[in-house]
Every structure is written in C-alpha cells, then in structure tokens.
Engineer: 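Got a structure for you, questions after.
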Amino acid sequence: MSEKLRLPAEESYAAELKALATGDQHCPPGWALAPRQVVTYLMGGKANDGTPITPKYVGDKRLIETAVATLATDRALLLLGVPGTAKSWVSEHLAAAITGDSTLVIQCTAGTDENQIRYGWNYAQLLAHGPSREALVPTPLMRAMESGKLCRFEELTRMGSDVQDTLITVLSEKMMPIPELNTAVYAQRGFNIIATANNRDKGVNELSSALKRRFNVVVLPLPDSTEEEVAIIVKRVGEMAQTLDLPAPKNVADEVARVVSIFRELRSGSTEDGKVALKSPSGGLSTAEAIAVMIGGISQATFFNDGKLTPETLASNMIGAVVKDPVQDTAVLGEYLETVLKKRRGFEGYYASLTDLI
Ligand SMILES: Nc1ncnc2c1ncn2[C@@H]1O[C@H](COP(=O)(O)OP(=O)(O)O)[C@@H](O)[C@H]1O
Ligand SMILES: [Mg+2]
C-alpha cells in the first residue's frame, strides 16, 4: 500500500481508467477516453472488456452527461451547488478521466491575484537575465494550456471579479498573451476549464456576464431521497475508513440512516412526515458533513470505545456539524430534540446524548 495519505484519482483508479481506454473509441481531440466511457467512469458500470467500474458520483446520470458534453465543446464547465454536493469530487474525477491528470488546480481565494492565474516571475532569474521564458513561472492554467489538459478552478467566485475576468481572453481566444516577452501561449487541443462555485456562502463575487457566457452551468443538487443519501454516505464512509485503516463497525449503515434522517429534517425545516415545521440551523448539513460525522464517530469508537459505534460517540461530532452559530443553532437543536426526537422510537440514545451535550 502506498504511504501517501491521498493519491490523485488517476492513480487510485488507474486500473479502471486503463480498462475503459480499451476498444474502439471515438474520442474528442486531446481526450484519453470517449465521452461515453467518461460517464461510465463517473457513474459506474462495466468497461468493454468486462472490468467492473465503481460508481464515483451517485445521482442523475444526465447531469454528468451534460458536464462531459460541455467539456467537449469550446465552453468551460461550472459546477454549482451548496457545499458538500460533490462539486470538487466530480471535477477531480472528470479531469482524471478526460486528460489523465487531475492535479492542475487553482484554489481561488479573496487574495488570489492575476499572477496566480496567468504566470509569475522568478525574480532571481529576472534580475540576472531579464525577462525570458526561463524566468517565467507557469501557473497550473498555463501548464494546462500548453499540454492540452483540464485546469480546475476551485471556488471560482471567491476571487475578485477583476481577477476572474482574466479568464475571458483565455476562454474566448484560447490563448494567453505574455506582453513582457512579446509572445503568447496558445492552448493545445484538449484544454478546457472546470470551475466549481458554491451558491450559499456569503462573500462571493458574482461572475461578470461576459465570463458567465463562457461557462455552461451544471447544478449539483442535494440527494433527492433519504435512501440515496444513505447509500452515498455508507459507500464513502466504507472507502474512507479503509484508507484511514479504521475497522468499520457492523452497525454503520443503521447509524448512518439515523444521522441522515436527523440531518435531513433539520435541513429541510420539517419532519419527514411533513407534520411538524422546524427551524433550520445556519450551517449546510450536507452529505459531506454527514460523512465527516460518521468518520469522526468511527475514529472515536475505535480508539476510545472498544470499536463500538454508539449514539454517544456520534453525538459530539453531530453537535459540531449542526451548531455553527453557538447561540442560534443551539436553540434550534434544543427545540428539535424536545419536539421531535424525544418521542421517536429508536432514537432514545441520540436524544439522551445530544441533550447532554447542548
Ligand atoms: N452525490 C454524491 N455522490 C458521491 N459522493 C458524494 C455525493 N455527494 C457528496 N459526496 C461526497 O461528499 C464529499 C464532499 O464532496 P466535495 O466534492 O468536497 O463537496 P463540494 O466541493 O461540493 O463542497 C466527497 O467525499 C463526496 O464523495
Ligand atoms: Mg469543493
């Protein structure tokens, strides 16, 4: 087993990608796989030679088809959704399947400037030899253009609108001028951009309409049904527990179902039967949050509770996920516990330990 904590998707799933690349395929220029194979890689199924392909994204296949089809055109792809809806996850797997490299990533923040998008300079070289190609420090975007790969922009709307607009020339002309050297970098076939953005956080900078026009937006939704959400979480928790070398307790699936039903009720603002209206906490309570709660609980159970996963071991992790604003969210949770969970069969352990902790 590799000693690295986490491998990029193209390495973890190298065998699947290799199996998918066999057989007759009509690939868009610069792509490693045909669009249909890329969708199979994401949604799961069988490769031409019968190799089973595990599902990476659980949800609507058409969304992934639209995303893949977009990347085969000259428009870029923007994955939009609330936090924890697998935007980054899908973007990594798309890049791995399409160009075999998911590592060209730019994490956008309020402090991201043009030099981190276009190129920077190695000042020692610049002073010694003046502006030259050797003194230029390429960014992941520039490397993606030169090698015909996909560049990923994480949380695109977090950087300032003026910096975002740097991308307009790249996306419309498929080139990046380097005025200092009186030249330009022209994108190779296969180059495109996958950006993610979340539509919930405060402090985001709207995309300018000029830039928006160059992106095709695919909205990744929260899972439709409880069953679907439980399935996603059980699957991811199993995979993550394995990488972390944590033994998965037998009752994981049952506890996931309980945690998910609590999270979904709080998130949607009403009980599952629709009879009681509830207040929602300020945080997102996404699928990703439920995964984190389960992993935290399993770790606690392994090291401090003889491997037994109980409501007590999960409760403190749940509080961390639900209570983002100490005053408001504690009240919301308290009310939920008293009006709903107190009377619910099978949730006695959760009621007792959550009430204990708030
Ligand atoms: N529909 C889904 N299918 C598969 N995994 C999902 C799904 N929704 C959430 N996840 C899991 O949630 C985790 C967090 O997703 P992430 O991509 O970081 O969210 P985002 O970037 O949207 O905030 C990932 O481990 C991912 O596997
Ligand atoms: Mg993300």
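Just follow the structure's listing: the first ligand is 1, and inside any ligand the first atom is 1.
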Engineer: Examine the side chains of E265 and T271 and answer whether a donor and an acceptor come within less than 3.5 Å of each other.
Structural biologist: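 No donor-acceptor contact under 3.5 Å links the two side chains.
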
Engineer: Does P55 have any side-chain contact (heavy atoms from CB on, under 4.5 Å) partners at least two apart in sequence or in another chain, and if so, which?
Structural biologist: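 Listed in chain order: K235.
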
Engineer: Is the NZ or CZ atom of K56 both under 6.0 Å from the centre of the six-membered ring of Y13 and within 45° of that ring's axis?
Structural biologist: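 Yes, a cation-pi geometry.
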
Engineer: In order of chain and number, which residues sit within 4.0 Å of ligand 1 by heavy atom?
Structural biologist: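 Contacts of ligand 1 under 4.0 Å: K56, Y57, V58, P83, G84, T85, A86, K87, S88, W89, I232, R236, T287, A288, I291.
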
Engineer: Parallel, tilted or perpendicular: which one describes the rings of Y41 and H93, with boundaries at 30° and 60°?
Structural biologist: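 Judged by the thresholds at 30° and 60°, the geometry between Y41 and H93 is tilted.
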
Engineer: State whether W31 and R189 meet the cation-pi test: NZ (Lys) or CZ (Arg) under 6.0 Å from the six-membered ring centroid, and within 45° of the perpendicular axis.
Structural biologist: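 No cation-pi geometry.
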
Engineer: So, applying side chain to side chain donor-acceptor pair (under 3.5 Å) with Y350, which one of R344, E255, E312 is it?
Structural biologist: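 Between Y350 and the candidates, side chain to side chain donor-acceptor pair (under 3.5 Å) is satisfied uniquely by E255.
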
Engineer: With a cut-off of 2.8 Å, does any N, O or S atom of N198 fall short of it relative to the Mg ion (ligand 2)?
Structural biologist: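 Of the N, O and S atoms in N198, none lies under 2.8 Å from the Mg ion (ligand 2), which means no.
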
